[in-house]
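Residues: numbered from 1 along the sequence shown.
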Amino acid sequence: MEKPRVRFAPSPTGYLHVGGLRTALYNYLFAKKNGGIFYLRIEDTDRKRYVEGSVEKLIHSLDWAGLKYDEGVYQTAEIKDDKIKVIGSPNYPGIIEVGNFGPYIQSERLDLYKKYAQELVEKGHAYYCFCEPERLEKLREEQTAQKQAPMYDRYCLRNLDQEEINKNLKSNCSHTIRLRVPRDERIEFEDMIRGKVSIDSNTIDDQVLMKSDGFPTYHLASVVDDHLMGTTHVIRGEEWLPSTPKHILLYRAFSWDVPEFAHLPLLLNPDKTKLSKRQGDVAVEDYVKNGYLKEAIINFVALLGWHPGEGETQEIFSLDELEKIFDIKKVHKAGAVFDLKKLDWINAQYIKKLSLEELLEKTRPFFEQKDFYIDATADKKTDEYLKKVLRIEHERLSKLSEVGESNKFFFQNILYDKNLLRWKEMADEDLESSLEKSRSVLENISDWNLDTLTRSLMEAAGDKKGDFLWPLRAALTGEQKSPSPMEVAWVLGKKESVKRIKEALGKI
Ligand code: GLU
């Protein structure tokens, strides 16, 4: 294979969508695997959808994910080679463009699109359309009423002679430029994932290429750029599949080589509907906010439509590993279900791999947002104390945001009913003596560590585990369910544990 050049070409409409992250990741992996170039292009020709700050957000998200690109738009970049062109973006202050195929932002390439649209008109592959929006709307309504697919009726192609076109252009009549789609042809291409795709040209509308505001449509801009930027493989979501025949017609009309195409499977909700904002989060940043680790998100997203092979059971892959084993031919055709339970499981695997120190660093911002932590006394906010809590919770966490949630008693005073202390039908006297015994065992432990606590309490429990351990656990936590009394006592420390037992005794 020649050295591939692939791209991620997001539109700056607000944030990085999880589907966008997958597209970026697969392009990145494809480039890495095949020793190619991965570049970032900003497709901002739809000014109505532009959201301020999104270019910066996209750059930040790719950087966060570790998906380094070789060319495109950056906020800062280290340039080692003085043959590489670097410009400041005229439209986005603070953004620089690095690479010899720029500008990499479509709103800075408007003259190019104009020139190429003109060329298509001259060659007879495109034509001016002066129809007013009202006429087009009426046409659409009529066609819909007759159950026909809305399509432009070629009024301007059929009725205007050159003289009239020139007159309209001279008097600055608002107009678009449309692609003249050939009739009665099959447009065919080989998709790397879906195999042969074949479409009847009669079902394709005469697509607008240049809008009346002087901006190109996505179709023209992306084909012109993919050609001029040397894109060899267009890897993008399946939602763009219907656009591809139009793009092929454009490549043909320009007599340009057609790149390879790979359309990635749709992302689906568990009920098999298209992944939507309504059913859950779609922005990558929301997953980070909800306590998922970067490595887990990348791992999960990599598996949305790809797996190394039949019979392979491995599910945990680092980015490094993916760079070596990713194979675009193993991407599936069928929609990929976005299964949050799987993401939770993957996340738990990565959390388990963290050291306590790392876990503390990553969970601290989550602790700091929680009321039980905010209201806790200073001794419960020290690194030492938090690490103890984390040591107990570590194995059980599937999201960083869950820290402390099911064990708030580590941080706050507890409230409970006396009956919670009772194991089965225990009489009050037995309950009292059980707790007294706990108190004395704990008071006598000089070496406060998990081993000693476990040994001493198990010994004291003898063969009456429930009668001894339940009241103690309930006295320490005030909860029906919690980690073991040894673990809880170890975290709380001797003073607090004894204090809680005394409070429990006071209730009997
Ligand atoms: N700008 C398009 C998007 O927002 C890119 C589609 C393509 O990759 O061709 O997804």
Side-chain angles (χ1 to χ4, degrees), residues 7-21 23-24 27 39-62 72-73 89-93 95 97 102-118 120 126 128-129 131-133 136-137 140 150-152 174-179 204-229 231 234-247 249-250 263-264 266 274-277 282-284:
R7 72 336 187 248
F8 178 47
S11 299
T13 55
Y15 52 82
L16 181 59
H17 189 285
V18 282
L21 177 62
T23 303
N27 274 286
Y39 71 90
L40 174 63
R41 177 170 84 218
I42 299 296
E43 301 206 328
D44 61 343
T45 57
D46 189 349
R47 303 311 290 173
K48 290 194 284 304
R49 293 177 62 222
Y50 171 69
V51 175
E52 181 90 36
S54 356
V55 174
E56 293 79 358
K57 261 194 184 173
L58 284 163
I59 294 173
H60 173 81
S61 296
L62 292 176
V73 298
S89 163
N91 296 349
Y92 298 90
I95 298 292
E97 302 179 42
Y104 293 88
I105 299 180
Q106 290 187 328
S107 59
E108 293 163 20
R109 302 170 63 82
L110 299 181
D111 289 346
L112 276 170
Y113 308 128
K114 258 186 214 140
K115 178 184 125 195
Y116 283 106
Q118 208 67 50
L120 288 182
Y128 288 102
C129 172
C131 288
E132 287 173 351
L136 297 174
E137 184 51 35
R140 201 171 307 134
M151 268 200 161
Y152 181 56
S174 172
H175 63 270
T176 60
I177 294 178
R178 287 180 182 272
L179 176 66
I204 304 174
D205 195 9
D206 278 359
Q207 186 67 54
V208 172
L209 300 176
M210 284 301 272
K211 295 179 278 187
S212 53
D213 61 3
F215 277 75
T217 55
Y218 154 70
H219 306 286
L220 177 68
S222 86
V223 167
V224 167
D225 289 352
D226 279 332
H227 171 72
L228 295 179
M229 297 183 181
T231 310
V234 171
I235 305 171
R236 61 184 170 203
E238 190 184 317
E239 59 276 26
W240 301 103
L241 188 62
S243 303
T244 306
K246 300 172 193 168
H247 298 181
L249 288 173
L250 283 168
H263 289 92
L264 310 174
L266 286 180
K274 196 172 164 217
L275 186 71
S276 70
K277 233 179 184 168
V282 289
V284 174

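- By the 6.0 Å contact criterion, CD on Glu132 is open, its count of non-hydrogen atoms from other residues, nucleotides or ligands being 12 or less.
- Proximity of Val55 to Ile95: side-chain heavy atoms (C-beta onward) are separated by under 4.5 Å at one or more points.
- The ring-ring contact (aromatic ring centres under 6.0 Å, His included) check on Tyr116 picks up Phe254, Trp256, with sequence neighbours excluded.
- When the side-chain contact (heavy atoms from CB on, under 4.5 Å) test is applied to Lys211, the partners found at least two apart in sequence or on another chain are Val208, Asp213, Phe215, Thr217.
- For the residue pair Ser89/Tyr104, the side-chain donor-acceptor check at 3.5 Å is not satisfied.
- Here salt bridge (charged side-chain N to carboxylate O under 4.0 Å, His left out) pairs that include residues 106-116, with residues two or more places apart or in two chains, are Arg109-Asp225.
- Listed by first and then second residue, the side-chain hydrogen bond (donor to acceptor under 3.5 Å, both in side chains) pairs that reach into residues 7-18 are Arg7-Asp226, sequence neighbours excluded.
- Between Pro150 and Asp205, every side-chain heavy-atom pair lies at or beyond the 4.5 Å cut-off.
- The distance from the OG1 atom of Thr244 to the NE2 atom of His263 is 3.0 Å, given to the nearest 0.5 Å.
- For Tyr128, the ring-ring contact (aromatic ring centres under 6.0 Å, His included) partners at least two apart in sequence or on another chain are His175.
- In terms of the side-chain contact (heavy atoms from CB on, under 4.5 Å) criterion, residue partners of Ser243 (sequence neighbours excluded) are, by chain and number, Tyr218, His219, Trp240, His247.
- Atom CG of Asp206 sits about 9.0 Å away from atom SG of Cys129, to the nearest 0.5 Å.
- In this structure, a donor-acceptor pair under 3.5 Å is absent between the side chains of Ser54 and Arg49.
- Rounding to the nearest 0.5 angstrom, the gap separating the CD1 atom in Ile59 from the CD1 atom in Ile42 is 6.5 Å.
- A side-chain donor-acceptor contact under 3.5 Å links Asp44 to the backbone of Ser107.
- Atom OG1 of Thr231 is separated from atom CG of Asn27 by 9.5 Å, given to the nearest 0.5 angstrom.
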